[in-house]
S.K.: 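Sharing a structure, written as structure tokens. Questions coming.
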Amino acid sequence: MSTTATSTRGGEPAAPTGWHVLLEVPLRRRVAVLVSVGAGLLVALISVAVFFTAYRALYDQLDQSLVERATAASSSDLADPDLLLKTVSSDALAAGDFRVAIVTANGRALAIQGEQPPVGDPEIEVAKGTPEPPRTGFVNGTPYRVVAVQAGAGRALVLAQELDPTRRTLSRLAIVLVVVGGLGVVLAAAVGVAIARAGLRPVERLISATERVARTGDLQPITVTGGDEIARLTRSFNAMLAALASSIERQRRLVADAGHELRTPLTSLRTNLELLVAAEEGVASGRSDAPRLSDEDRAELTADLRAQIDELATLVGDVVELARDDPPEVAAEHLDLSEVVERALDRARPRAPRVHFEVELTPCEVIGDASALERAVLNLLDNAAKWSPPDATVRVVLREGVAPERPGTAVLEVADSGPGIAPEERELVFDRFFRSADARTMPGSGLGLSIVARTATRHHGGVSAHEAPGGGALLRFWIPRA
């Protein structure tokens, strides 16, 4: 039965058991408890091993001594017990706790020294000629260690010695082992507490830092000391804090930039709407001082409103797209990038009727999101058309990747006929809301190329800006081929 299982009675959950209780204990105390229990088990195991080793050694030594004494005693002429009594030397049987007897094969026993030792079937079997190992016997409740050796035909010499001294020695050893083991467990508990305090101090600092971040929102990194796992965890946490701070800063900058960019079209839209409303109210009221709009002015004002609404809708969509930290969940599919470019060209040509698109496409199989790739390509085409003068040519080339792009990529190059990009601005044109001094008077939000760069990154590719061979800007977009 599992100790971690819980049961319910009357709809109420049972109290946690087993490891669930241990998991509720603070980590420092848990480490101390586990160290103490582990040390206690180790001490107990060592004590048991020492006790049984000593037990076996004492008994083996006693048995060997008894066998040697019995053999020495039986080495003389054992024709009769009286002769044996005379020939047994004091060195062979020199102890007051010995009992010696002669046992015959028919079971008769004759005590030679001291009272009669324990005699049983094993000793009779020795008298009959079958060796038997030493054993423990009892006389009036007193334990003896009994050894029997053959002492002539049909006789056995039985030698017995009290076990109380040996047992007292083992008892004293057991007491010593218990006391030492208890002291070892106490010492292990103290060491476990010290280890837990010293080892978990960095964890407590990390916990305090996380609580500070949750309480104050302060994303300052934590001081890293040492090179152990806790230091690695702290460095990982600092990396997470840095990423979080960077994300918050990007969002804050995006909100500020978006507010700045939205202010201009909203102000213009509000001005035009107020003018249109004032003209309508003046016509309805018949006041002579009310502004009057001709049909041509009204049509131009209406066209401006539509353009501003379209620009505002595009800006809002771009901001929403860039505000998403995580890429949207899309199903990647095998597709031909040349077909995606063709669809983007079909949408770009009506939007830029004053430029000519010169197209050179090579089929390139890729894996990606068709709609995201089409939007990125359309942004490149719109940007090239915006910077190209009337009747200029925008060159669009799709080819397989070579240096400086790594082999195995599909490379799209879009070159315009405009003034080009200054070298110091080529690394900035893909930043959000970046607009050069020349671009501030032109339509656009400064987000189109940022979306291109983000799409390339999501597809494990990249973007770069260069100078076109015939002048103008050349924007290069590449992603891996399938």
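Below, all heavy atoms of this structure are taken into account, side chains as well, without hydrogens, waters or symmetry copies. Just so you know, residue 1 is the first one in the sequence shown, and it goes up from there. All of these numbers come straight from a predicted model, not from anything done at the bench.
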S.K.: Between Phe138 and Pro143, is there a side-chain heavy-atom distance shorter than 4.5 Å?
M.R.: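 Touching, per the 4.5 Å side-chain cut-off.
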
S.K.: Are a donor atom and an acceptor atom from the side chains of Thr409 and Arg481 found within less than 3.5 Å of each other?
M.R.: no

S.K.: Atom CG of Leu345 and atom CD of Glu374: how far apart are they, to the nearest 0.5 Å?
M.R.: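 Taking CG in Leu345 and CD in Glu374, the distance rounds to 10.0 Å.
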
S.K.: Of the non-hydrogen atoms in Ala384 and Val394, which two are nearest, and what is the gap between them?
M.R.: CB-CG1, 3.6 Å

S.K.: What are the two closest non-hydrogen atoms of Ala482 and Ile367, and how far apart are they?
M.R.: CB-CG1, 3.7 Å

S.K.: Heavy-atom count check: over 12 atoms from other residues, nucleotides or ligands less than 6.0 Å from Glu427 CD?
M.R.: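 It does not: Glu427 CD has 12 such atoms or fewer within range.
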
S.K.: Check this for me: Arg349, atom CZ, are more than 12 non-hydrogen atoms of other residues, nucleotides or ligands nearer than 6.0 Å?
M.R.: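 Yes, because the 6.0 Å sphere around CZ of Arg349 holds more than 12 heavy atoms from other groups.
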
S.K.: I would like to know whether Gln64 and Asp60 meet side chain to side chain contact (heavy atoms under 4.5 Å, CB included); could you show each step before the answer?
M.R.: CA-CA 6 Å; Gln64 183 180 0; Asp60 288 345; over 6 Å; no

S.K.: Evaluate side chain to side chain contact (heavy atoms under 4.5 Å, CB included) for Glu360 paired with Arg395, printing each intermediate quantity in order.
M.R.: CA-CA 8 Å; Glu360 180 183 340; Arg395 181 171 175 77; 2.9 Å; yes

S.K.: Does a sphere of radius 6.0 Å around CZ in Arg56 hold more than 12 heavy atoms from other residues, nucleotides or ligands, not counting ones at 6.0 Å or beyond?
M.R.: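 Yes, because the 6.0 Å sphere around CZ of Arg56 holds more than 12 heavy atoms from other groups.
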
S.K.: Specify the closest pair of heavy atoms between Leu475 and Ala465, including all atoms of both residues, with the distance to one decimal.
M.R.: CD2-CB, 3.7 Å

S.K.: Would you indicate whether the side-chain heavy atoms of Trp387 and Ile421 approach each other to under 4.5 Å?
M.R.: no

S.K.: Measuring from Asp63:CG to Glu68:CD, what's the distance to the nearest 0.5 Å?
M.R.: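 Taking CG in Asp63 and CD in Glu68, the distance rounds to 11.0 Å.
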
S.K.: Would the number of heavy atoms belonging to other residues, nucleotides or ligands and lying under 6.0 Å from CG of Asp391 be above 12?
M.R.: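 12 or below, so no.
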
S.K.: Could you point out which residue of Val341, Val463, Val397, Leu373 forms a side chain to side chain contact (heavy atoms under 4.5 Å, CB included) with Leu412?
M.R.: Val341

S.K.: Verify the neighbour count for atom CZ of Arg212: are there more than 12 heavy atoms of other residues, nucleotides or ligands below 6.0 Å?
M.R.: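 It does: Arg212 CZ has more than 12 such atoms within range.
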
S.K.: Main chain of Arg232, side chain of Ser236: is a donor-acceptor contact present, judged purely on distance under 3.5 Å?
M.R.: yes

S.K.: Just wondering, are more than 12 heavy atoms of other shown residues or ligands nearer than 6.0 Å to CD in Glu296?
M.R.: no

S.K.: Working to the nearest 0.5 angstrom, can you tell me the gap between Leu305 CG and Leu273 CG?
M.R.: 5.0 Å

S.K.: Find out whether Arg145 and Leu66 are in side-chain contact, i.e. whether some heavy atom of one side chain is under 4.5 Å from a heavy atom of the other.
M.R.: yes

S.K.: Between Val340 and Leu337, is the side chain to side chain contact (heavy atoms under 4.5 Å, CB included) condition met? List the steps.
M.R.: CA-CA 5 Å; Val340 175; Leu337 188 57; 4.2 Å; yes

S.K.: What closest approach, in Å, do Ala410 and Cys364 show between heavy atoms, and which atom pair accounts for it?
M.R.: CB-CB, 3.7 Å

S.K.: Are any non-hydrogen side-chain atoms of Val176 and Val179 less than 4.5 angstrom apart?
M.R.: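 Answer no - side chains too far apart.
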
S.K.: Checking side-chain hydrogen bond (donor to acceptor under 3.5 Å, both in side chains) against His466, which of Arg426, Glu413, Arg476 comes through?
M.R.: Arg476

S.K.: Mind listing the closest non-hydrogen atom pair of Val366 and Pro480 along with its distance?
M.R.: CG1-O, 3.6 Å

S.K.: Is a side-chain N or O of Ser338 found less than 3.5 angstrom from the main chain of Thr362, in a donor-acceptor match?
M.R.: no

S.K.: Any non-hydrogen side-chain atom of Glu365 less than 4.5 Å from a side-chain atom of Asp336?
M.R.: yes

S.K.: Below 4.5 Å, heavy atoms only, C-beta onward: do Leu163 and Leu62 meet side chain to side chain?
M.R.: yes

S.K.: Evaluate whether atom CZ of Phe52 has more than 12 neighbouring non-hydrogen atoms of other residues, nucleotides or ligands under 6.0 angstrom away.
M.R.: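 Counting other residues, nucleotides and ligands, CZ of Phe52 stays at 12 neighbours or fewer.
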
S.K.: With distance as the sole test, does Ser65 use its side chain to make a donor-acceptor pair with the main-chain N or O of Gln61 at under 3.5 Å?
M.R.: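 No, Ser65 side chain to Gln61 backbone: no donor-acceptor pair under 3.5 Å.
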
S.K.: Output, in order, the C-alpha distance, side-chain angles, deciding distance and verdict of side chain to side chain contact (heavy atoms under 4.5 Å, CB included) for Arg343 and Leu378.
M.R.: CA-CA 9 Å; Arg343 290 196 297 268; Leu378 183 60; over 6 Å; no

S.K.: How about Leu187 and Leu183: do any of their side-chain heavy atoms sit closer than 4.5 Å?
M.R.: no

S.K.: Between the main-chain N or O of Ser417 and the side-chain N or O of Ser388, is there a donor-acceptor pair closer than 3.5 Å?
M.R.: yes

S.K.: So Asn383 and Val429, do their side chains get closer than 4.5 Å, heavy atoms only?
M.R.: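 The answer is no, as the side chains (C-beta and beyond) never meet within the 4.5 Å cut-off.
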
S.K.: Can you name the closest pair of heavy atoms from Ala376 and Val452 and give their distance?
M.R.: O-CG2, 3.4 Å

